[in-house]
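Okay, structure first, notes after.
Sequence lines set the chain letters: A, B, ... in the order given, protein chains first and strands last, and positions in each chain run from 1.
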Amino acid sequence: MTELREGQSFGTMLDGMKKLLSILGWGVVALLGAAAVGMIAVRRGEPINALWLVVAATCCYALGYRFYSKFISVKILALDGLRATPAERLENGRDFLVTNKWVVFGHHFAAIAGPGPLVGPVLAMQFGYLPGTMWVLAGAVFAGCVQDFVILLFSVRRDGKSLTEMAKAEIGRVGGFVAYLAVIAILIILLGVVALIVVNALKSSPWGTFTIVMTMPIALLMGVFLRRIRPGKVLEVSALGFVLVLVAIWGGQYVSQNAALARAFTFSAPTLAILIMIYGFAASALPVWLLLAPRDYLSTFVKLGTIALLAVGIVLLHPTLHMPALTRFVDGTGPIFAGKIFPFAFITIACGAISGFHALISSGTTPKLIARETETRMVGYGAMMCESAVAVMAIIAACVMQPGIYFAINSPAAIVGQAPAAAAATISSWGFPVTAADMQALAHAVGEQTLYNRTGGAPAFAVGMAHIFSHSLGGERLMALWYHFAIMFEALFILTILDAGTRVARFMVQDALGHVYKPLGRTSWYPSILATSALIVAAWGYFLWQGVKDPLGGINSLWPLFGIANQLLATVALCVATTIIIKMHRAKYAAVTLVPLAWLVAVTFTASWHKMFDSDPHMGFLAQARALATGPVTRATSQLIFNNRLDAAVTGALVVMVALVLVESARQWWGILRGTKIVPVKESPFVRTRLVEEQG
Amino acid sequence: MKRIVTSWRVFMAALREIFDEAAYSRFLSRGGVASSSAAYAAFRREFEEAKMRRPKCC
């Protein structure tokens, strides 16, 4: 008895020690995080080291995961490890499959990581590193990770239902319909804008274009290998493809140095736009598995490898950030896109802080693989934290450049001037010194003819990445190779998004048209495939063409439009989440989704208002249309006026649709909270898991 | 050492899942067939439509 008591007191003492150590450990993390965030926030006038951003991000994510996601798991969602998930109950060896949590985590991260967290933060650096960094950290911890986590869990509890299905079931028909339209709209705008990024990265760049063209025969070769020689050995074949791509990048320098070859691979922006549209149509309409599937694998291989390599490079080099904490463009007069920090920093950076698109992945493949409810925290919250870390790396890559160089690359010719000397003088007059000779030397170092007016974010990111890689792995002489590696990496996975996105949108349109006329819904009926593919490509192709022809470079109009569409989809996702939380009788904790929802409504609705009605022609679509109508008339004037009016109409339509969802949701909440409406939670019934007993 | 081996296994399993090698293995074991050019072609046919409907994030 005495021994037992002694044993118990020893155990209690041990628990107490553990608790004390834990409190001390987390206290140190909190202090370190606070110091790093403080350093980023208050330091002015002197460059800071990138490691401060790395430390701040690591501590914020660690604290957010340990405490905030735990609070959500316990107090709101009441994650139940004994409740069987659809992967267990509906296991069919294909879509529904019990999978190791780390495997699901990797799968989910690979699906959510795209060009958004790389491009958005680079563009937002026109305000300086402070606003973007703070938004990425706070946005991810309190909004983006929460959205991904709760939507994943709610989908798991509803047999893996999609966001549109959940919106229809929980909010009503309007919610479902708007979610469907919002998904189509965001896909079309996304595809148009990412295609524009590729065009701006590859125009007049024989080296870059050659490398991307070479990925096609490489993918075909991989396809033949996969089919005939090593069936199913995708990793092995992707590694082989990667080596061949490296050879193509190395070979690209000889193409750019040979006059005849360089001419053959030099395309103007309109020509590249047309080629990309043809590619998108072919990828959607033709059975080109042999090209697309291996390229998809190759792109994933390069993407995951490069992100890991960039993280290592940043830690090894721990570069100094030359961009100031805040630039003069916080007043809204920025050359890359017009608008003040609020609301434009928050729609320019979507992926990396919060992205509505993630809700589609969290309610797509991932919920069908989750083995236990408790794993949704790590997969949903954790994977978004990693995506946010990618955004921090992009911020560092953009800020290691001298600000003058950053603005010279990202500013359109219509603002800074066409001639190198004029552009350099304009940018220097803003307080960011740069000379035409600096830009020429940089262009020479990366193997390009010019780096002026390369709007879109991708070339600036590539220069930053090449700087980090060449200074930490390989030295200055490899700068050109690293730059083209970065361009290839971005263009390759953007093209993959383009073909996958066109097909997904095509399927969605076919599903809808099938209700009108049955054969149109058949995914094997060629007239329907051709018509719907042409429709989708024409839709995003129009936005691409508009961007290519826009005198302000296209990004000024299209990236905010994409940001608004993406954040509006997040608004729909958070409406669904809040409605479910209230139905679960957890209204007192509804602020967890309601606060990010209110923030997104404020951001997106204000941004939409400015984009539609602001009197500054650089900002407001309608003001620009009016300015064009009263200015000198050229052949393109009427088209430019129409484009601006169209952009205003699209923005307005998106806002009205989301406002409808908000009103519908608010009616539901009001009814439930007043007790006039009894709405049951539409979850699948509880079934006890067998996995616990099997494990023993 | 055991932890490193386990971590490596999980890492490789994640890669096999991301790159559809695991899905192909399941396809083979479900049909009780050995890996071959024909089996891989059949797997792609079955798998492609589902895969094509998956969105890729921005």
Side-chain angles (χ1 to χ4, degrees), chain A residues 93-95 97 99-100 102-107 109-117 119-120 183 186-187 190 193-194 226-229 231-235 238 287 289 293 296-297 300-301 304 350-351 355 357-358 360-361 364-365 369 387 493 496-497 500-501 503-504 507-508 523 562 566, chain B:
Chain A
R94 277 182 298 198
D95 310 330
L97 187 77
T99 309
N100 176 291
W102 288 105
V103 175
V104 187
F105 178 89
H107 197 278
F109 176 70
I112 61 171
V119 172
V183 173
I186 186 184
L187 271 173
L190 162 75
V193 79
V194 293
L226 269 176
R227 256 233 161 112
R228 307 263 173 243
I229 301 164
K233 298 286 179 196
V234 181
L235 270 167
S238 298
W289 172 88
D296 190 10
Y297 294 132
T300 309
F301 194 89
L304 296 178
C351 311
S355 161
F357 214 104
H358 289 193
L360 303 182
I361 315 283
T365 316
L369 302 174
E387 163 118 324
F493 79 90
T496 315
I497 285 172
R503 283 195 308 267
V504 169
F507 281 125
M508 288 183 74
T523 51
F562 161 62
N566 197 359
Chain B
M1 190 63 193
K2 201 178 160 191
R3 269 201 172 165
I4 295 171
V5 172
T6 312
S7 304
W8 176 251
R9 278 197 189 136
V10 171
F11 175 69
M12 287 311 292
L15 287 182
R16 279 171 50 77
E17 194 64 49
I18 293 167
F19 289 91
D20 301 329
E21 283 193 0
Y24 180 50
S25 298
R26 290 194 292 271
F27 173 82
L28 292 177
S29 52
R30 202 170 63 235
V33 286
S35 177
S36 68
S37 188
Y40 193 65
F43 164 70
R44 294 296 335 174
R45 273 195 301 276
E46 182 185 295
F47 188 68
E48 214 50 41
E49 169 122 359
K51 175 132 180 154
M52 282 199 297
R53 283 175 178 271
R54 288 180 201 166
K56 268 179 184 284
C57 193
C58 44

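Contacts of A:Leu235 with chain B are made by both backbone and side-chain atoms, with heavy-atom separations under 4.5 Å. Heavy atoms of A:Ala110 lying under 4.5 Å from chain B belong exclusively to its side chain. When heavy atoms are compared at a cutoff of 4.5 Å, A:Thr496 approaches chain B by way of both its backbone and its side chain. Proximity to chain B (any heavy atom under 4.5 Å) is shown, for A:Leu226, by both the backbone and the side chain. For B:Arg44, the part lying near chain A is the side chain, with the backbone staying farther off; criterion is any non-hydrogen pair under 4.5 Å. Proximity to chain B (any heavy atom under 4.5 Å) is restricted, for A:Ser355, to the side chain, taken from C-beta onward. Only the side chain of A:Leu97 comes within contact range of chain B, judged by heavy atoms closer than 4.5 Å.
The side-chain heavy atoms of A:Thr300 and A:Ser238, taken from C-beta on, include no pair separated by under 4.5 Å. Between A:Leu304 and B:Ile18 there is a side-chain heavy-atom pair separated by less than 4.5 Å. Between A:Leu187 and A:Phe357 the shortest side-chain heavy-atom distance falls below 4.5 Å. Contact annotation: the side chain of A:Pro115 approaches that of A:Phe493 to within less than 4.5 Å [non-hydrogen atoms, C-beta and beyond].
The aromatic rings of A:Phe301 and B:Phe19 lie perpendicular to each other, with more than 60° between the two planes, well past the 30° mark. Between A:Phe109 and A:Phe105, the ring planes lie parallel to each other; the angle is under 30°, not in the 30° to 60° tilted range.
Between chain B and the residues A:Pro117, A:Gly120, A:Gly232, A:Gly116, the largest count of heavy-atom pairs under 4.5 Å involves A:Gly232.
One finds the OG atom of B:Ser37 at 4.5 Å from the CZ atom of A:Arg228 (value rounded to the nearest 0.5 Å).
Applying the side-chain contact (heavy atoms from CB on, under 4.5 Å) rule to B:Ser7 yields no partners; only residues at least two apart in sequence or on another chain are considered. Checked against ring pair (Phe, Tyr, Trp, His ring centres under 6.0 Å), A:Phe507 has no partners two or more places apart in sequence or in another chain. Take A:Phe562 and apply the ring pair (Phe, Tyr, Trp, His ring centres under 6.0 Å) test, not counting sequence neighbours, and it matches A:Trp559.
Taking 4.5 Å as the heavy-atom cut-off, the residues of residues 23-30 of chain B that approach chain A are B:Tyr24, B:Arg26, B:Arg30, ordered by number.
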